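First comes the structure, then the notes that go with it.
Please read these numbers as outputs of a predicted model, since none were measured by experiment.
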Amino acid sequence: MTLVVLGIVSIVACYKFGDLKNWEKYYSTILFYNIGALTENIITRNKPLWLFYGTHLTDTIADYVFGFLIFPCIIIVYLSNCPKAKIKQILYTSAFISFMSLVELILYSINDLQYYNGWNVSWSILLYVGVFPLLQLHLKKPLLALFVLFILTIGGLIYFKIPIIN
């Protein structure tokens with residue numbers, strides 16, 4: 001049920017606050033996000049860092065809903081309203097990080113989200129601190145964003161001792 005609520009809220013927010021007329025401008029950044037999410041899903045399939053339980057469907061279906069509906073809506077809303085001035089941009093990004101962290105804390109508190117293998121809400125907040133600026137970077141400098149994502153992924157593999165060979 002939680003997945004349905006998150007999906008509906010995301011669609012409404014995207015319709016109300018997102019620049020849907022220019023969705024193509026954000027499409028490559030949505031794909032960039034999905035590359036990162038898919039890579040995480042594949043690499044951590046045998047040693048997950050978190051799992052979403054807010055549905056009666058499989059976690060694979062939940063991943064698809066997050067990757068192709070919920071997060072694209074969040075990305076469109078975030079990027080299409082991002083201010084140009086640095087101070088406003090920092091405040092705006094901080095608000096998104098806070099909002100996403102609050103949503104995650106709620107999901108965790110109702111047992112719709114569980115953490116594993118050393119992951120916790122502090123890591124999720126740090127992830128959001130990286131993800132939102134990385135989305136902005138990708139919009140302006142996609143190759144640099146891919147390089148940064150690669151470096152961060154390697155760092156995560158090493159820190160969380162995620163085996164890449166079974």
With heavy-atom distances below 4.5 Å as the criterion, would you say the side chains of Phe96 and Val77 are in contact? yes
Which atom of Val129 lies closest to which atom of Ile97, heavy atoms considered: CA-CD1, 3.6 Å
A side-chain contact here means heavy atoms from C-beta on lying under 4.5 Å apart; do Asn34 and Phe71 qualify? no
Student check: side-chain heavy atoms of Pro133 and Thr93 closer than 4.5 Å: yes
More than 12 heavy atoms of other residues, nucleotides or ligands under 6.0 Å from CZ of Phe150: yes or no? no
Would you please test Ile30 and Trp23 for side-chain contact (heavy atoms from CB on, under 4.5 Å) and show each step? CA-CA 10 Å; Ile30 291 167; Trp23 67 270; over 6 Å; no
Are more than 12 heavy atoms from other residues, nucleotides or ligands located less than 6.0 Å from atom CD1 of Ile87? no
For the atom pair CG (Leu105) and OG (Ser124), what is the distance rounded to the nearest 0.5 Å? 8.5 Å
Below 6.0 angstrom between ring centroids: does that apply to Tyr115 and Trp123? no
Compute whether any side-chain donor of one residue and acceptor of the other, for Thr2 and Tyr53, lie under 3.5 angstrom apart. no
Spacing of CZ belonging to Phe147 relative to CG belonging to Leu152, to within rounding of 0.5 Å: 10.0 Å
Flag if over 12 foreign heavy atoms under 6.0 Å of NZ, Lys25: no
What's the verdict on side-chain contact (heavy atoms from CB on, under 4.5 Å) for Tyr15 and Val12, showing C-alpha distance, side-chain angles and the deciding distance? CA-CA 5 Å; Tyr15 181 76; Val12 170; 5.7 Å; no
Neighbour count above 12 (heavy atom, 6.0 Å) for Tyr92 OH: yes
Can you check whether Met100 reaches Val131 side chain to side chain, under 4.5 Å on heavy atoms? no
Can you tell me which residue among Tyr33, Phe32, Tyr78 is in a ring pair (Phe, Tyr, Trp, His ring centres under 6.0 Å) with His138? Phe32
Could you tell me whether a side-chain N or O of Asn117 sits under 3.5 Å from a main-chain N or O of Leu49, the two making a donor and an acceptor? no
